[in-house]
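Since the model is a prediction, treat every value here as computed from it, not as a measurement. We count residues from 1, following the sequence as given.
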Amino acid sequence: MADATGNDDRRERLDAARRELLKRRLQGSAASAAPASADVPALVPREDRAEAPASYAQARLYFLDQLHGAGAAYHMVLGLRLRGALDRDALQRALDILVHRHASLRTTFEVRGSELVQRVAPPSPLVLDTRDVSQASDVDGAQHEAIRRLVQQPFSLAQGPLVRAGLIALGAHEHVLVLVLHHIIADEWSLGVLRRELATAYAHGGGDEGLPAVVDVDYGDYALWQREQIERHRDAQLAFWRDKLSDLDDSCAALPGDFRRPTRASLRGGWQQRRLDPALASAVATLARRHQATPYMVLLAAFLAVLYRLSGQSDVRVGTPVASRAPAQTDAMVGLFLNSVVIREQFDGAESFEQLLARVRATALAAVDHQALPFEVLVAELQPGRDLGANPLFQTMFVLESDEGADTRFGELTQERLVVESGFAKLDLTCFVNIDDGQLTVSAEYATDLYDASTATMLLDAYGEFLSGVVATPGASIDSVPLVSPTEADALRARSRGKALPIGE
């Protein structure tokens with residue numbers, strides 16, 4: 001009996017640790033790294049500091065860049081509104097410090113034989129493109145146009161630099177700072193690293209006081225480390241994902257399209273956003289605690305259920321990003337550590353949301369346990385049907401973002417992060433849920449090849465309605481929770497190619 005109790009205690013501790021890891025990994029939190037596991041080899045510097053093989057994720061982005069042509073679809077944007085008396089010289093020095101600290105900001109790519117290689121250049125000043133729109137007749141319009149030009153100017157992966165900075169003056173004491181990076185050298189976590197370090201360096205007059213010590217490894221070291229780890233664990237990781245995904249068909253678990261899917265995706269995208277009931281964030285957290293889950297799991301389960309209801313498909317799958325930063329040194333590094341895992345659930349509409357949440361919790365924990373296999377390797381091994389008009393394995397993504405705990409000061413300035421719409425969509429549909437100061441905001445980035453704005457708006461409204469319903473009555477069956485008003489239900493049915501969708505009026 002004592003042994004059974006001890007095993008239960010160990011399982012509970014392991015589940016708690018996994019929940020915390022899941023929360024940190026999937027929210028993109030800047031929390032400090034968990035202690036390195038004994039079975040995770042150390043990340044060590046390579047001999048040749050000037051170059052290294054590209055990582056698996058970098059190789060895929062390079063391929064997509066060559067396939068679609070240089071464009072802004074894979075640009076990462078950090079936009080900050082700064083209020084106060086700005087010291088431009090200190091800002092320039094702070095930007096240069098970032099370039100010196102992070103080798104990824106000095107990286108370019110070239111194909112050598114059959115291998116993609118990343119090359120690291122010596123540090124050089126980062127050009128700060130400054131524009132003053134304070135005297136424009138339409139300051140907001142001029143600001144948006146200046147940001148658009150910064151974001152949409154293509155990068156050359158071979159020539160670089162793959163980062164640019166722009167400063168837009170809206171007035172004497174109000175500026176917008178924009179950093180644009182190609183996704184091949186950074187992920188969302190990296191933007192958080194840059195935001196914090198830039199604020200700290202600026203606060204010290206453009207010096208490096210207060211910044212963390214520079215680690216003695218860089219992203220090239222990680223790329224080599226990753227290849228070694230894949231060779232060690234490939235079979236075990238692949239066995240798990242084969243069991244979960246080998247029987248997938250080519251159907252698209254998303255909203256019925258407004259337009260026929262093109263043979264080749266244009267990557268043009270639209271953006272819609274909704275702020276949900278302020279009480280929902282607290283209610284989601286309460287429901288998560290009651291079921292030993294995380295808010296991410298509740299929000300993901302609700303999104304999967306909405307896709308099930310609106311698509312008419314019982315087998316639903318979405319991708320979700322994982323900040324795959326296993327060695328502790330990578331937490332403070334800028335680079336493309338992001339991996340995508342597939343979350344798949346099969347639905348019985350008679351089950352309750354609580355039952356679904358229990359399954360999604362188990363699925364998410366298992367996915368985290370097996371998230372080390374790069375998505376690119378998984379696709380190569382499973383060899384799903386390929387279509388230039390669709391992403392392999394999933395066409396819909398769910399992303400939880402959180403700005404809670406972000407430093408709101410920038411020296412003597414105040415800072416506020418801006419949402420910058422790129423005008424592109426890498427997938428059919430991506431749902432972003434942001435938690436900021438107890439407020440839930442849900443956004444949809446959608447492919448305009450497939451959907452119009454009204455469809456994206458209906459999705460967001462349905463998600464908010466469903467989420468409100470399940471936090472109030474989590475024991476209700478999934479099919480019985482209302483999604484939208486009767487008028488919106490009729491519109492969705494009209495898009496369903498004649499299939500009656502269980503809207504739940």
Problem - Close side-chain approach of Thr320 and Leu300, heavy atoms under 4.5 Å - result: no
Fill in the blank from the handout: In short, Leu338 meets Pro321 closest at the heavy-atom pair CD1-CB, 3.5 Å
Problem - Audit row: Arg325, Asp187, salt bridge (Lys or Arg N to Asp or Glu O under 4.0 Å) steps and yes/no - result: CA-CA 11 Å; Arg325 294 175 176 248; Asp187 53 21; 3.0 Å; yes
Fill in the blank from the handout: Sequence neighbours excluded, the answer for side-chain hydrogen bond (donor to acceptor under 3.5 Å, both in side chains) partners of Gln237 is none
Handout entry: Exercise: identify the closest heavy-atom pair between Gly438 and Ala281
Key = O-CB, 3.2 Å
Exercise for the section: Run the numbers on Tyr451 and Tyr446 for ring pair (Phe, Tyr, Trp, His ring centres under 6.0 Å), then give the verdict. Expected result: CA-CA 7 Å; Tyr451 305 114; Tyr446 59 96; 7.0 Å; no
Exercise for the section: Start with the C-alpha distance between Phe432 and Trp271, add both sets of side-chain angles, then the distance that settles ring pair (Phe, Tyr, Trp, His ring centres under 6.0 Å), and finish with yes or no. Expected result: CA-CA 11 Å; Phe432 297 89; Trp271 179 272; 5.6 Å; yes
Practice task
Decide whether a cation-pi geometry holds between Arg309 and Phe347; the criteria are a distance under 6.0 Å from NZ or CZ to the six-membered ring centre and an angle within 45° of the ring axis.
Solution key: no
Practice task
Could you tell me which non-hydrogen atom of Ala186 sits nearest to which non-hydrogen atom of Leu336, and how far apart they are?
Solution key: O-CD1, 3.8 Å
Handout entry: Pair Asn434, Thr441: side-chain N/O donor-acceptor within cut-off below 3.5 Å
Key = no
Exercise for the section: To the nearest 0.5 Å, tell me how far Met76 CE sits from Ser190 OG. Expected result: 7.5 Å
Practice task
Would you confirm whether His75, through its side chain, and Val151, through its main-chain N or O, come within 3.5 Å as a donor-acceptor pair?
Solution key: yes
Practice task
Check the angle between the aromatic planes of Tyr62 and Phe109 and answer parallel, tilted or perpendicular using the 30° and 60° thresholds.
Solution key: tilted
Exercise for the section: Using distance alone, with no hydrogens and no angle criterion, decide if Ser477 and Ser480 have a side-chain donor and acceptor under 3.5 Å apart. Expected result: yes
Problem - Working for side chain to side chain contact (heavy atoms under 4.5 Å, CB included), residues Ser246 and Trp241 - result: CA-CA 8 Å; Ser246 60; Trp241 290 111; over 6 Å; no
Fill in the blank from the handout: Heavy atoms of Ser324 and Gln371 approach each other most closely as OG-OE1, 2.9 Å
Problem - Stepwise salt bridge (Lys or Arg N to Asp or Glu O under 4.0 Å) test for Asp208 and Arg101 - result: CA-CA 10 Å; Asp208 58 4; Arg101 287 172 60 85; over 6 Å; no
Practice task
Tell me, with the steps shown, if Ser55 and Gln226 meet side chain to side chain donor-acceptor pair (under 3.5 Å).
Solution key: CA-CA 7 Å; Ser55 69; Gln226 182 193 49; 4.7 Å; no
Handout entry: Partner of Phe303 by ring pair (Phe, Tyr, Trp, His ring centres under 6.0 Å), out of Phe466, Tyr296, Phe398, Tyr308
Key = Phe398
Handout entry: SB check Arg260 Asp449 (cutoff 4.0 Å)
Key = no
Practice task
Would you check if the side chain of Asn339 reaches a backbone N or O of Phe375 as a donor-acceptor pair within less than 3.5 Å?
Solution key: yes
Practice task
Verify side chain to side chain contact (heavy atoms under 4.5 Å, CB included) between Asp221 and Val44, making sure each step is shown before the conclusion.
Solution key: CA-CA 7 Å; Asp221 300 316; Val44 296; over 6 Å; no
Exercise for the section: Specify whether His182 and Phe155 have parallel, tilted or perpendicular ring planes, treating 30° as the upper limit for parallel and 60° as the lower limit for perpendicular. Expected result: perpendicular
Practice task
Rounded to the nearest 0.5 Å, what's the gap from NE2 on His183 to OH on Tyr74? Could you check?
Solution key: 8.5 Å
Exercise for the section: Look only at the side chain of Thr473 and the backbone of Gly475, and say whether a donor-acceptor pair between them is shorter than 3.5 Å. Expected result: no
Handout entry: Lys/Arg N to Asp/Glu carboxylate O, Asp315 vs Arg344, below 4.0 Å
Key = yes
Problem - Arg119 side chain to Thr108 backbone, donor-acceptor under 3.5 Å - result: no
Fill in the blank from the handout: Sorted by chain and residue number, the side chain to side chain contact (heavy atoms under 4.5 Å, CB included) partners of Ser282 (sequence neighbours excluded) come out as Thr286
Practice task
Report the residues that fulfil side chain to side chain contact (heavy atoms under 4.5 Å, CB included) with Glu231, sequence neighbours left out, ordered by chain and then residue number.
Solution key: Arg234
Practice task
Return yes if some donor-acceptor pair links the side-chain N/O of Gln395 with the main-chain N/O of Val318 below 3.5 Å, else return no.
Solution key: no
Exercise for the section: Before accepting this row, confirm whether a basic side-chain N of the pair Asp436/Arg417 lies closer than 4.0 Å to the acidic partner's carboxylate O. Expected result: no
Fill in the blank from the handout: CG of Leu429 to OG1 of Thr396, rounded to nearest 0.5 Å, is 5.0 Å
Practice task
Without swapping roles, check the side chain of Arg195 against the backbone of Leu78 for a donor-acceptor pair under 3.5 Å.
Solution key: no
Exercise for the section: Output all residues satisfying side chain to side chain contact (heavy atoms under 4.5 Å, CB included) with Ala332, sequence neighbours left out; order by chain, then residue number. Expected result: none
Exercise for the section: Return yes when atom NZ of Lys426 has more than 12 non-hydrogen atoms of other residues, nucleotides or ligands closer than 6.0 Å, and no otherwise. Expected result: yes
Practice task
For Gln159, look at atom CD and say whether over 12 heavy atoms of other residues, nucleotides or ligands are found less than 6.0 Å away.
Solution key: no
Handout entry: Worked check of salt bridge (Lys or Arg N to Asp or Glu O under 4.0 Å) between Glu345 and Arg317
Key = CA-CA 6 Å; Glu345 293 294 346; Arg317 61 188 184 269; over 6 Å; no
Problem - Arg49 bridged to Asp216 by N-O distance under 4.0 Å - result: no
Problem - From Leu105 atom CG to His100 atom NE2, the distance as rounded to the nearest 0.5 Å - result: 12.0 Å
Practice task
Check the pair Val442, Cys431 against side chain to side chain contact (heavy atoms under 4.5 Å, CB included), reporting the backbone distance first and the verdict last.
Solution key: CA-CA 7 Å; Val442 58; Cys431 177; 3.7 Å; yes
Fill in the blank from the handout: So CG of Asp218 and OG1 of Thr330: to nearest 0.5 Å the spacing works out to 12.5 Å
Practice task
List for me each residue that meets side chain to side chain contact (heavy atoms under 4.5 Å, CB included) alongside Pro161, sequence neighbours excluded, and say none if there are none.
Solution key: none
Practice task
Quick one: pull up OG1 in Thr455 and CG in Leu450 and give me the separation to the nearest 0.5 Å.
Solution key: 10.0 Å
Practice task
Ignoring hydrogens and angles, tell me if any N or O in the side chain of Arg46 forms a donor-acceptor pair with the backbone of Asp48 under 3.5 Å.
Solution key: yes
Exercise for the section: Check ring-ring contact (aromatic ring centres under 6.0 Å, His included) between Tyr219 and all other residues, then give those that pass, not counting sequence neighbours. Expected result: Tyr222, Phe337
Exercise for the section: Taking all heavy atoms of Pro327 and all of Leu43, pick out the closest pair and write down the distance. Expected result: CB-CB, 4.0 Å
Exercise for the section: Taking all non-hydrogen atoms of both residues into account, name the closest pair between Val193 and Asp331 and its distance. Expected result: CG2-O, 3.7 Å
Exercise for the section: Mind running side chain to side chain contact (heavy atoms under 4.5 Å, CB included) on Met333 and Val217 for me, showing each step along the way? Expected result: CA-CA 9 Å; Met333 289 167 55; Val217 290; 4.2 Å; yes
Exercise for the section: Say whether, by atom type as modelled, one donor and one acceptor occur between the side chain of Arg242 and the main chain of Leu238 under 3.5 angstrom. Expected result: no
Problem - Donor-acceptor pair between Gln118 and Gln58 side chains, under 3.5 angstrom - result: yes
